[in-house]
Novice: 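Take a look at this one; I'll ask things after.
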Amino acid sequence: MSWESFVAVDAQGADYDLLIIGGGINGTGIARDAAGRGLKVLLVERDDLASHTSSSSTKLIHGGLRYLEMYKFRLVRESLAEREKLLDIAPHLISPMRFVMPLAKGMRPAWLIRLGLLMYDRIGGRSRLPRSHGVRLIGTRWGAGLKPIERGFVYSDGWVDDARLVVLNALDAKERGATIRTRTAFVGARRETDRWTAQLGDGSSVTARAIVNTAGPWVGQVLQDMPDARAERPPRLVKGSHIVVLRMFDGDHAYILQNDDKRIIFAIPYEGDFTLIGTTDKAFEGDPTNPMIDADETDYLCASVNRYFAKPITPADVVSSYSGVRPLFDDGADNASEVTRDYVLRLGTDQSPQLLSTFGGKITTYRRLAEHALALLAPFLPAMGVAWTDNAPLPGGNLPGSLDQFLASVRSRWPFLPAQMADRMAHAYGTRIDRVLGTASSIADLGEPFGEGLFAAEVIYLADQEWAQTAADILDRRTKLGMHGGEPLARKLEAYLDARKIRKSTVASVPG
């Protein structure tokens with residue numbers, strides 16, 4: 001399709017201050033921040049929100065303990081400071097978690113780990129989380145499921161439902177005036193006078209003062225579709241894979257396991273019935289749309305766990321897996337594990353600087369990345385408000401008291417809900433749970449049941465308010481119930497969505 005054939009005007013208004021390409025955590029975080037400062041924002045995402053890298057993380061809000069031995073002190077300090085802010089603004093979605101590091105023979109010496117943990121406790125500033133300490137493992141809850149390893153250390157970090165974090169940022173951005181268009185591809189853009197004119201995959205065109213390229217693994221491809229953009233070194237694509245097995249240990253703590261290759265692997269309680277194990281770091285080439293774990297990665301993760309756990313696992317025990325491709329900034333490191341995880345922001349050319357591309361980054365630092373991005377673009381945008389996202393709750397995060405008090409209030413207000421369903425929905429929606437459950441006084445009031453605690457009332461809310469269009473949108477990203485209900489649940493839900501005539505995408509997934 002030629003440039004001239006794009007003549008339709010965006011129904012929401014053709015001219016924007018900021019066009020954001022990609023609906024992952026960085027794109028939605030920038031959209032939220034910018035909309036809250038009074039800018040007119042359009043975000044386009046070719047697939048569903050968080051449909052690629054941003055839903056394929058290890059689900060941690062953390063400082064990155066291993067980065068200390070790589071001397072990435074600024075990255076750790078910023079990440080730990082952000083961990084505290086995110087615990088404040090999304091207390092329903094982000095939970096403190098304790099991590100146990102067993103001291104196996106031949107790994108890093110105890111004194112070095114203790115020194116690193118002491119720094120980890122303090123480098124980020126004041127924290128509400130418990131500090132690290134040494135523990136005995138044999139015969140205690142900290143050693144649940146492990147081989148006879150005598151001692152270890154315990155420290156604190158956070159856990160998050162990564163895909164819902166993306167959706168909540170998009171939801172807040174929309175409510176502050178941003179336009180969020182999923183299933184809408186970015187095709188290309190040209191610089192014309194003081195505006196970019198961008199082609200979109202639905203046949204429309206829009207103009208914007210500035211463009212932010214947060215297309216993840218496709219960041220380089222987007223630049224190629226913009227003849228006025230500066231040619232950047234392609235991102236270093238690194239695949240990280242995870243496996244899920246039936247629950248391996250009791251307790252709500254996680255394990256951080258050292259390997260001979262100096263990498264670390266996490267074993268984390270996941271969705272009640274499972275243990276999440278990951279991640280790998282493997283150089284990636286090819287199409288990042290649907291990356292898959294390979295046999296070597298599965299064997300590596302199984303072997304990492306078997307070094308420490310009494311009951312070994314094999315590839316046959318894997319009930320699910322997922323992989324994501326991270327677009328890291330190519331800093332010249334030889335090993336994929338050594339490439340910087342810090343984010344890098346690059347403006348366009350001197351003649352056309354109103355373009356910002358993002359490389360790398362961690363889900364933990366998305367909010368700070370957004371602030372930095374807007375600071376760089378400020379000279380090319382209308383006067384905007386000051387930074388504000390550090391203490392403004394995400395949707396549902398304005399809890400009136402503690403999380404435990406809120407959970408108790410949900411069970412009291414809707415006593416007919418099964419306990420597991422009540423807790424899941426309270427964590428997912430926070431104080432907005434009443435928008436899903438409304439005035440329901442019985443389980444029957446929630447409409448058609450699909451299984452695993454999913455009812456029509458929640459499906460309708462997700463479709464009407466959170467851009468969900470397919471069973472995968474709802475089961476894999478919005479609720480994680482696909483882990484429990486499998487194909488039967490997916491088929492039943494798809495039939496309902498078809499009957500309700502909720503539009504579904506037929507295009508391949510790209511930015512996300």
Novice: Is the shortest distance from a Lys or Arg side-chain nitrogen in E466 or R477 to a carboxylate oxygen in the other one below 4.0 Å?
Specialist: no
Novice: Check whether any side-chain heavy atom of L454 lies under 4.5 Å from a side-chain heavy atom of L475, and answer yes or no.
Specialist: yes
Novice: Check whether E494 reaches the backbone of A471 with its side chain - one donor and one acceptor, N or O, closer than 3.5 Å.
Specialist: yes
Novice: Are any of the side-chain nitrogens in R368 or E371 under 4.0 Å away from the carboxylate oxygens of its partner?
Specialist: yes
Novice: Does any N or O in the side chain of T182 come within less than 3.5 Å of the main-chain N or O of D48, such that one atom is a donor and the other an acceptor?
Specialist: no
Novice: Could you go through residues 87-96 and list every donor-acceptor pair under 3.5 Å that involves a side-chain atom there, pairing it with any protein atom two or more places apart or in another chain?
Specialist:
residue: D88; atom: OD1; partner: R128; partner atom: NH2; Å: 2.6
residue: D88; atom: OD2; partner: R128; partner atom: NH2; Å: 3.3
residue: H92; atom: NE2; partner: P395; partner atom: O; Å: 3.2

Novice: Among K262, K239, R236, R326, which residue satisfies the salt bridge (charged side-chain N to carboxylate O under 4.0 Å, His left out) criterion with D281?
Specialist: R326
Novice: Taking the side chain as every heavy atom from C-beta outward, state whether F309 and L146 have any pair of such atoms under 4.5 Å apart.
Specialist: yes
Novice: Is a side-chain donor-acceptor pair under 3.5 Å present for Y322 with D476?
Specialist: no
Novice: My understanding is that only one of V459, L489, L481 makes a side-chain contact (heavy atoms from CB on, under 4.5 Å) with I474; could you say which?
Specialist: V459
Novice: Using a distance-only test with no angle check, is there a side-chain donor-acceptor pair under 3.5 angstrom linking R108 and Q258?
Specialist: yes
Novice: Flag the pair T358 / V219 as yes when at least one side-chain heavy-atom distance between them is below 4.5 Å, and no otherwise.
Specialist: no
Novice: Do any N or O atoms from the side chain of N306 and from the backbone of I313 form a donor-acceptor pair under 3.5 angstrom?
Specialist: yes
Novice: Among side-chain atoms of N169 and Y366, is any donor-acceptor pair under 3.5 angstrom?
Specialist: yes
Novice: Looking only at side chains, do R263 and T280 share a donor and an acceptor under 3.5 Å apart?
Specialist: no
Novice: Not counting sequence neighbours, which residues clear side-chain hydrogen bond (donor to acceptor under 3.5 Å, both in side chains) with S127? List them please.
Specialist: R83, E84
Novice: Taking NZ, NE, NH1 and NH2 as the nitrogens, is one of them in D273 or R247 under 4.0 Å from a carboxylate oxygen of the other?
Specialist: no
Novice: Quick one: does D157's side chain get under 4.5 Å of L80's, heavy atoms only?
Specialist: yes
Novice: For the atom pair CZ (R432) and CE (M425), what is the distance rounded to the nearest 0.5 Å?
Specialist: 14.5 Å
Novice: Between R424 and D161, does at least one N-O distance fall below 4.0 Å, as a salt bridge requires?
Specialist: no
Novice: Do T289 and D287 get their side chains close enough for a donor-acceptor pair, meaning under 3.5 Å?
Specialist: yes
Novice: Please determine if R183 and D473 form a salt bridge, counting it only when a charged side-chain N lies under 4.0 Å from a carboxylate O.
Specialist: yes
Novice: Determine whether T389 and R367 satisfy the following criterion, side chain to side chain donor-acceptor pair (under 3.5 Å), listing intermediate values before the conclusion.
Specialist: CA-CA 7 Å; T389 60; R367 193 203 64 82; 3.0 Å; yes
Novice: Side chain of S79, backbone of L75: donor and acceptor closer than 3.5 Å?
Specialist: yes
Novice: Find out whether F266 and I277 are in side-chain contact, i.e. whether some heavy atom of one side chain is under 4.5 Å from a heavy atom of the other.
Specialist: no
Novice: Does a side-chain heavy-atom distance below 4.5 Å link R46 with W218?
Specialist: no
Novice: Between the side chain of S409 and the main-chain N/O of F406, is any donor-acceptor distance below 3.5 Å?
Specialist: yes
Novice: Do the ring centers of Y120 and Y155 come within less than 6.0 Å of each other?
Specialist: yes
Novice: Looking at F99 versus H62, is the centre-to-centre ring distance below 6.0 Å?
Specialist: no
Novice: Test ring pair (Phe, Tyr, Trp, His ring centres under 6.0 Å) on F450 and Y496 and set out the steps.
Specialist: CA-CA 9 Å; F450 302 100; Y496 177 82; 5.0 Å; yes
Novice: Are D172 and R32 close enough for a salt bridge, meaning some N to O gap below 4.0 Å?
Specialist: yes
